[in-house]
Chemist: 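One structure is given below, represented as structure tokens, and several questions about it will come after.
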Amino acid sequence: MENYIKRCLDSILIQDMTRVKIICVNDGSTDKSGEILKKYADNYENVVECINIPNSGRAQARNTGIEHVKDGYIWFIDPDDYIAKNSISVLREELRKKPEVVVFNWISLYKDHKEYSNFGKELVNSGSGSANKIFKRSLIGNYRYPSGYWYEDLGFIPILLGLSKYTINISDYLYFYDRTRPDSQTNSYNVDKITDTIPMCEMVYDTLIVKNKREDLLKQVQYLFYKHLIINTMLMKFIYIKDYNDRNEIVNQVNTVMNAKFRNWKGSIKHLSRSNFMKYFIKRFVVFCYLRKIYFVADCIWIKYAKNKY
């Protein structure tokens, strides 16, 4: 991250830093990131803290950061991204309302365009990522990111949203999500890691529905499963997975967990917007084919329309 970390830190340090601390966890980096962080920690004493740990993965790095925060609020910022100029002032004003979670919007940066993403405050529309939210430390409590998984956000963020007694969302775009790095997780398709979404979703189900008896959240959790296991995993990634045996294994796992958790799930979720009926129909049909392993037909249709963002 040596080419990005300065941009990230500078975007924070130009703001009103009253009662704000930047905790940088150096997860065994092998480039010059550690040297850069040390310079910032030396130049901004009592504001920037650098913690060095052996390479343990993103989840453990974030968990290490959590351990160094005793109260207040936490914002998880990735080193290749950056924040808007007025972010901290905007959020500080919202904190007067004493929420447990604040959800805001972000801008995704691609090589040739930008995309503006808007989020709500419910479990189903706030997104499973951490970058567009700040969390009260007391809400996090003893919950931590699950280590060893590709989609650790999914096994942590929805739990906090489900447990929050007071979540607010604002319309400001406070985070810039850089998707231009070719080796970023967003641009990667690792067949062995794709089904990590399953244990992450199960963790949300077990915590909210089984442990905390939040039956009122069952439909939202069901939608979460559908969105991540079927839409994000199958619909969005199968065209990059050429081996039908790999696809079969994924479909089998998804069907097994969905059937075990939710009754009549195939007919009970209206998962796609009908604002464009043809797009809605095509997605429904492609999902239908994938779930029944009719791959050739689904690929022909989906590649044609998805590539053109029909």
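Every heavy atom of this structure was used, including side-chain atoms; hydrogens, water molecules and symmetry mates were not.
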Chemist: Give, for atom NE2 of His68 and atom CD1 of Ile51, the distance between the pair rounded to the nearest 0.5 Å.
Modeler: 3.5 Å

Chemist: Heavy atoms only: give me the nearest Arg214-Ile209 pair and the separation to one decimal.
Modeler: O-CD1, 3.1 Å

Chemist: Is any side-chain heavy atom of Thr207 closer than 4.5 Å to one of Tyr143?
Modeler: yes

Chemist: Looking only at non-hydrogen atoms, find the nearest pair between Ile157 and Ser130 and report the distance.
Modeler: CD1-CB, 3.6 Å

Chemist: Treating Gln15 as the side-chain partner and Ser87 as the backbone partner, does any N or O pair qualify as donor plus acceptor under 3.5 Å?
Modeler: yes

Chemist: If you measure from CD1 on Ile231 to NZ on Lys237, what distance do you get to the nearest 0.5 Å?
Modeler: 11.5 Å

Chemist: Tell me whether Arg62 contacts the main-chain N or O of Tyr145 through its side chain, where contact means a donor paired with an acceptor under 3.5 Å.
Modeler: no

Chemist: Quick one: does Lys283's side chain get under 4.5 Å of Trp302's, heavy atoms only?
Modeler: yes

Chemist: When you check the gap from the basic side-chain N to the acidic O, do Glu152 and Arg58 get nearer than 4.0 Å?
Modeler: yes

Chemist: If every non-hydrogen atom of Ile250 is compared with every non-hydrogen atom of Ile241, which pair is closest and at what distance?
Modeler: CD1-CD1, 4.0 Å

Chemist: So do the side chains of Asp243 and Arg247 get within less than 4.5 Å of each other, counting heavy atoms only?
Modeler: no

Chemist: Could you check whether the rings of Phe119 and Trp106 sit parallel, tilted or perpendicular, using 30° and 60° as the cut-offs?
Modeler: perpendicular

Chemist: Answer yes or no: is there a side-chain heavy-atom contact under 4.5 Å between Val257 and Leu229?
Modeler: yes

Chemist: As a quick check of understanding, evaluate side-chain hydrogen bond (donor to acceptor under 3.5 Å, both in side chains) for Asn252 and Lys293, giving each step before the final call.
Modeler: CA-CA 10 Å; Asn252 292 341; Lys293 303 177 182 177; 2.7 Å; yes

Chemist: Distance check, rounded to the nearest 0.5 Å: Arg92 atom CZ versus Asp16 atom CG?
Modeler: 4.5 Å

Chemist: Do the side chains of Cys24 and Glu49 get nearer than 4.5 Å, heavy atoms only?
Modeler: no

Chemist: Run Tyr40 and Leu13 through side chain to side chain contact (heavy atoms under 4.5 Å, CB included) and show every step you take.
Modeler: CA-CA 10 Å; Tyr40 273 88; Leu13 288 165; 3.6 Å; yes

Chemist: Looking at Glu122, is its backbone amide N or carbonyl O close enough to the side chain of Ser126 to form a donor-acceptor pair, meaning the two atoms are under 3.5 Å apart?
Modeler: yes

Chemist: Counting distance only, does the side-chain N/O of Tyr73 pair as donor-acceptor with the main-chain N or O of Pro99 below 3.5 Å?
Modeler: yes

Chemist: Are any side-chain N or O atoms of Asp27 and backbone N or O atoms of Ser56, one a donor and one an acceptor, separated by less than 3.5 Å?
Modeler: yes

Chemist: Can you see which heavy atom on Val297 is nearest to which on Cys289, and at what distance?
Modeler: CG1-SG, 4.3 Å

Chemist: I'd like to check Gln220 versus Leu217 (side-chain heavy atoms, cut-off strictly below 4.5 Å). Are they in contact?
Modeler: yes

Chemist: Spell out, yes or no, whether Leu174 and Ile14 are grouped together once hydrophobic residues are joined by side-chain heavy atoms under 4.5 Å, including indirect joins.
Modeler: no

Chemist: Charged N to carboxylate O under 4.0 angstrom, Lys38 versus Asp42?
Modeler: yes

Chemist: Is Tyr240 linked to Ile194 within one hydrophobic cluster, defined over Ile, Leu, Val, Met, Phe, Trp and Tyr using a side-chain heavy-atom separation of less than 4.5 Å?
Modeler: yes

Chemist: How long is the straight-line distance from NZ of Lys227 back to OG of Ser128, given to the nearest 0.5 Å?
Modeler: 6.0 Å

Chemist: Going from CG on Asp172 to CD on Glu93, what distance comes out if it is rounded to the nearest 0.5 angstrom?
Modeler: 11.0 Å

Chemist: Quick check against the 3.5 Å criterion: does Asp299 have a side-chain atom that pairs as donor or acceptor with the backbone of Ile239?
Modeler: no

Chemist: Angle between ring planes, Phe76 versus Phe135, binned at 30° and 60°: parallel, tilted or perpendicular?
Modeler: tilted

Chemist: Measuring from atom NZ of Lys136 to atom CD1 of Ile74, what distance do you get when rounded to the nearest 0.5 angstrom?
Modeler: 12.5 Å

Chemist: Is the backbone of Asp31 close enough, under 3.5 Å, to the side chain of Glu2 for a donor and an acceptor to pair up by distance?
Modeler: no

Chemist: Side chains of Ile134 and Val101, heavy atoms from C-beta outward: is any pair under 4.5 Å?
Modeler: no

Chemist: Under 4.5 Å between side-chain heavy atoms, counting indirect links through other Ile/Leu/Val/Met/Phe/Trp/Tyr residues: same cluster for Ile12 and Leu109 or not?
Modeler: no

Chemist: Over 60° means perpendicular and under 30° means parallel, so tell me whether Tyr290 and Tyr295 are parallel, tilted or perpendicular.
Modeler: tilted

Chemist: Could you label the plane-to-plane angle of the Tyr82 and Phe176 rings as parallel, tilted or perpendicular, counting under 30° as parallel and over 60° as perpendicular?
Modeler: parallel

Chemist: Passes side chain to side chain contact (heavy atoms under 4.5 Å, CB included), Tyr44 versus Ile22? Steps please.
Modeler: CA-CA 10 Å; Tyr44 297 92; Ile22 303 174; over 6 Å; no

Chemist: Is there a path of hydrophobic side-chain contacts, each under 4.5 Å between heavy atoms of I, L, V, M, F, W or Y residues, that connects Val102 with Tyr166?
Modeler: yes

Chemist: Evaluate the criterion side chain to side chain contact (heavy atoms under 4.5 Å, CB included) for residue pair Asn63 and Glu67; output intermediate values, then yes/no.
Modeler: CA-CA 6 Å; Asn63 290 339; Glu67 296 296 338; 5.6 Å; no

Chemist: How are the rings of Phe285 and Phe281 set to each other: parallel, tilted or perpendicular (split at 30° and 60°)?
Modeler: parallel

Chemist: For the pair Asp81 (side chain) and Ile77 (backbone), establish whether a donor and an acceptor sit closer than 3.5 Å, ignoring hydrogens and angles.
Modeler: no

Chemist: For the side chain of Lys133 and the backbone of Gly129, is there at least one donor-acceptor N/O pair under 3.5 Å apart?
Modeler: yes

Chemist: Indicate whether the side chain of Tyr226 and that of Asn232 have a donor and an acceptor atom separated by less than 3.5 Å.
Modeler: no

Chemist: Is the NZ or CZ atom of Arg284 both under 6.0 Å from the centre of the six-membered ring of Phe288 and within 45° of that ring's axis?
Modeler: no

Chemist: Between Tyr173 and Phe104, is the ring centroid distance below 6.0 Å?
Modeler: no

Chemist: Looking at Ala61 and Val25, what are the two nearest heavy atoms and their distance?
Modeler: O-CG2, 3.5 Å

Chemist: What do you reckon, is CD of Glu215 surrounded by more than 12 foreign heavy atoms closer than 6.0 Å?
Modeler: yes

Chemist: Is the shortest side-chain heavy-atom distance between Arg137 and Lys70 below 4.5 Å?
Modeler: no

Chemist: Would you check, one step at a time, whether the test side chain to side chain contact (heavy atoms under 4.5 Å, CB included) holds for Met234 with Val251?
Modeler: CA-CA 8 Å; Met234 293 170 51; Val251 171; 4.0 Å; yes

Chemist: Return yes if a side-chain donor-acceptor contact under 3.5 Å exists between Ser29 and Asn26, otherwise no.
Modeler: yes

Chemist: Provide the closest heavy-atom pair for Asp80 versus Asp178 in the form atom of the first, atom of the second, distance.
Modeler: O-CB, 3.3 Å

Chemist: Test the Lys261-Tyr205 pair against the cation-pi criterion, namely NZ or CZ under 6.0 angstrom from the six-membered ring centroid and within 45° of the ring axis.
Modeler: yes

Chemist: Tell me whether Asp71 at atom CG has more than 12 heavy atoms from other residues, nucleotides or ligands lying less than 6.0 Å away.
Modeler: no

Chemist: Are more than 12 heavy atoms from other residues, nucleotides or ligands located less than 6.0 Å from atom CG of Asp112?
Modeler: yes

Chemist: Do Ile88 and Val90 belong together in a cluster built from hydrophobic side chains that touch within less than 4.5 Å?
Modeler: yes

Chemist: Output yes when a side-chain donor or acceptor of Arg144 lies under 3.5 Å from a complementary backbone atom of Gly141, and no otherwise.
Modeler: yes

